[in-house]
Amino acid sequence: MQHQSGVLYVVATPIGNLADMVPRAVTVLQMVNVIACEDTRHSARLLQHFSIETPCVAYHDHSDDKRVEALLSRLQAGDDVALISDAGTPLVSDPGYRLVRRVREQGVKVVPVPGACAFVAALSAAGLPSDRFVFEGFLPAKPGARLKQLQSLSAETRTLIFYEAPHRVLDCVQDMVRAFGPEREVVLARELSKAFETIHGAPVAELARWIEADSNQQRGEIVLLVRAACGNDESLDDEVVRTMEVLLAELPLKQAAQLGAKLTGLRKNELYQWALGRQSDKS
Ligand code: SAM
């Protein structure tokens with residue numbers, strides 16, 4: 001009989017509120033033979049809270065190959081392994097990629113246990129278009145490289161999402177003013193699921209002043225979300241713009257987009273977003 005490999009479970013953990021731990025994550029962490037943690041000391045509190053006594057080993061993407069191979073050997077010998085990071089979903093700006101890649105290459109089953117993820121939580125509450133978005137992770141720490149990266153994203157037509165360190169948030173938002181212009185809407189989502197949770201959106205120059213005036217906004221964990229370069233008259237051809245203007249003069253936005261889509265053959269959502277952008281440009 002062929003030997004059955006174990007399973008690598010990739011387990012999401014809370015991003016600040018222990019009550020967000022999903023029951024399946026607890027069961028899996030109790031059941032596996034070993035937990036690979038980004039930081040064993042950091043995870044000790046979480047594991048203790050849920051009475052999880054499974055042994056832990058440290059795993060980081062900078063861990064040497066031996067660590068990856070040791071975990072792979074255990075999986076191939078039939079042990080189940082869980083991977084967790086300090087918070088949220090492993091591999092999302094967190095370690096795990098090398099391990100998942102390697103064990104999948106070797107035909108070991110990898111099972112995700114979904115749960116908290118900071119950028120998904122932020123997107124779900126920011127009130128920015130969420131049908132298409134780009135998660136950019138952390139921007140470069142060096143000012144020149146950060147501005148360059150932001151400038152390269154200035155025409156992006158999907159919502160942009162960044163993680164940012166608190167001591168860099170003001171500089172970063174000020175660079176966003178330079179890269180995107182003062183009027184672009186940016187939402188700061190800070191300390192999600194924790195006592196000082198704050199979700200605040202404003203034109204970016206105004207947001208920069210607000211952050212500068214209140215040093216509390218430069219603390220804790222932060223996600224920044226940027227409204228896409230809005231659909232403006234340059235993004236639709238003149239004929240479509242004229243059609244939409246006539247429809248919008250007579251109909252609510254949603255119906256105008258629906259009818260506009262039928263008349264022009266464009267996607268309803270594209271026209272809806274265009275009309276939204278036009279509305280916010282005017283307000
Ligand atoms: N793996 C995590 C996830 O699923 O979101 C992200 C880990 S990354 C090293 C840490 C960054 O995520 C923080 O610097 C911050 O940008 C963001 N983050 C984590 N927890 C957060 C929270 N409670 N509120 C806002 N942002 C958070």
Side-chain angles (χ1 to χ4, degrees), residues 10-26 29 37-39 42-50 83-96 112-139 141 146 150 153 158-176 180 184-204 206-228:
V10 182
V11 181
T13 57
I15 54 167
N17 188 330
L18 287 176
D20 290 338
M21 184 77 166
V22 300
R24 183 168 165 234
V26 177
L29 293 176
C37 305
E38 179 180 4
D39 178 339
H42 179 99
S43 295
R45 191 172 144 252
L46 174 88
L47 300 177
Q48 205 175 10
H49 182 87
F50 291 102
L83 171 70
I84 61 173
S85 62
D86 286 353
T89 302
L91 280 85
V92 176
S93 295
D94 263 344
V113 180
C117 177
F119 87 77
V120 176
L123 182 65
S124 73
L128 291 176
S130 54
D131 53 339
R132 293 165 73 236
F133 58 86
V134 191
F135 172 61
E136 281 284 321
F138 287 97
L139 283 159
R146 179 178 57 221
L150 288 170
L153 292 165
R158 295 165 288 184
T159 296
L160 290 161
I161 309 176
F162 303 93
Y163 284 166
E164 190 50 282
H167 60 281
R168 280 198 285 267
V169 68
L170 181 58
D171 288 343
C172 175
V173 171
Q174 285 170 341
D175 272 353
M176 285 178 171
F180 305 142
R184 187 82 73 93
E185 183 183 358
V186 174
V187 177
L188 172 125
R190 196 175 70 81
E191 293 290 89
L192 296 171
S193 77
K194 305 189 218 179
F196 297 104
E197 180 175 274
T198 307
I199 302 174
H200 182 75
V204 63
E206 197 182 310
L207 186 75
R209 288 192 290 275
W210 181 78
I211 295 172
E212 193 167 19
D214 179 0
S215 61
N216 285 327
Q217 305 309 332
Q218 300 166 46
R219 296 211 175 110
E221 300 197 276
I222 295 165
V223 184
L224 292 168
L225 305 98
V226 181
R227 182 181 270 282

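We number each residue from 1, following the sequence as shown. Just so you know, these numbers use all the heavy atoms, side chains as well, and skip hydrogens, waters and symmetry mates.
- For I222 against P166, the heavy-atom pair with the smallest separation is CD1-CA, 3.9 Å.
- If you take CG on N216 and CZ on R190, they are separated by 6.5 Å, rounding to the nearest 0.5 Å.
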Please evaluate residues L224 and M176 with respect to the criterion side-chain contact (heavy atoms from CB on, under 4.5 Å), reporting the C-alpha separation (whole Å), side-chain torsions for both, the decisive distance (0.1 Å), and the verdict.
CA-CA 10 Å; L224 292 168; M176 285 178 171; 4.0 Å; yes
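- Of the possible donor and acceptor atoms, one in the side chain of Q218 sits under 3.5 Å from a partner among the backbone N and O of I211.
- With a 4.5 Å cut-off on side-chain heavy atoms, L225 and F133 do not count as touching.
- By the 4.5 Å heavy-atom criterion applied to side chains, V223 and I161 are counted as neighbours.
- Other residues, nucleotides and ligands place more than 12 heavy atoms under 6.0 Å from the CZ atom of F138.
- Annotation for A25 and V11: closest pair CB-CG1, 3.5 Å, computed over non-hydrogen atoms.
- The side-chain heavy atoms of V169 and V173, taken from C-beta on, include a pair separated by under 4.5 Å.
- Rounding to the nearest 0.5 angstrom, the gap separating the CD1 atom in I84 from the NE2 atom in H42 is 8.5 Å.
- Nearest heavy atoms, L170 versus A208: CD1-O, 3.5 Å.
- Relative ring orientation between F119 and Y163 is described as tilted, the plane-to-plane angle lying within the 30° to 60° band.
- Atom CD in E221 sits 9.0 Å away from atom CG in L192 (nearest 0.5 Å).
- Nearest heavy-atom pair, C172 versus L139, reported as atom, atom and distance to 0.1 Å: SG-CD1, 3.6 Å.
- Considering only heavy atoms from C-beta on, Q217 stays 4.5 Å or farther from H200 through its side chain.
- Atom OG1 of residue T13 and atom CZ of residue F50 lie 9.5 Å apart, to the nearest 0.5 angstrom.
- Contact annotation: the side chain of D171 approaches that of R146 to within less than 4.5 Å [non-hydrogen atoms, C-beta and beyond].
- Between P14 and L46 the shortest heavy-atom distance is CD-CD1, 3.9 Å.
- Residue L91 holds its CG atom at 6.5 Å from CG of L83, rounded to the nearest 0.5 Å.
- The backbone N or O of C37 sits nowhere less than 3.5 Å from a side-chain atom of S85 that would complete a donor-acceptor pair.
- For the pair T89 and C117, the tightest heavy-atom approach, listed with the atom from each and the gap, is OG1-CB, 3.6 Å.
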Steps toward side-chain contact (heavy atoms from CB on, under 4.5 Å) verdict (M21, L29)
CA-CA 11 Å; M21 184 77 166; L29 293 176; 3.6 Å; yes
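- Taking the side chain as every heavy atom from C-beta outward, V226 and E136 never approach each other to under 4.5 Å.
- Rounded to the nearest 0.5 angstrom, R227 CZ and T159 OG1 are separated by 7.5 Å.
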One pair to check against side-chain contact (heavy atoms from CB on, under 4.5 Å): V187 and I199. What are the steps and the verdict?
CA-CA 7 Å; V187 177; I199 302 174; 3.8 Å; yes
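- When side chains are defined from C-beta on, E191 does not count as touching R219, because their heavy atoms never get closer than 4.5 Å.
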side-chain contact (heavy atoms from CB on, under 4.5 Å) between L18 and R45, worked out
CA-CA 10 Å; L18 287 176; R45 191 172 144 252; 4.0 Å; yes
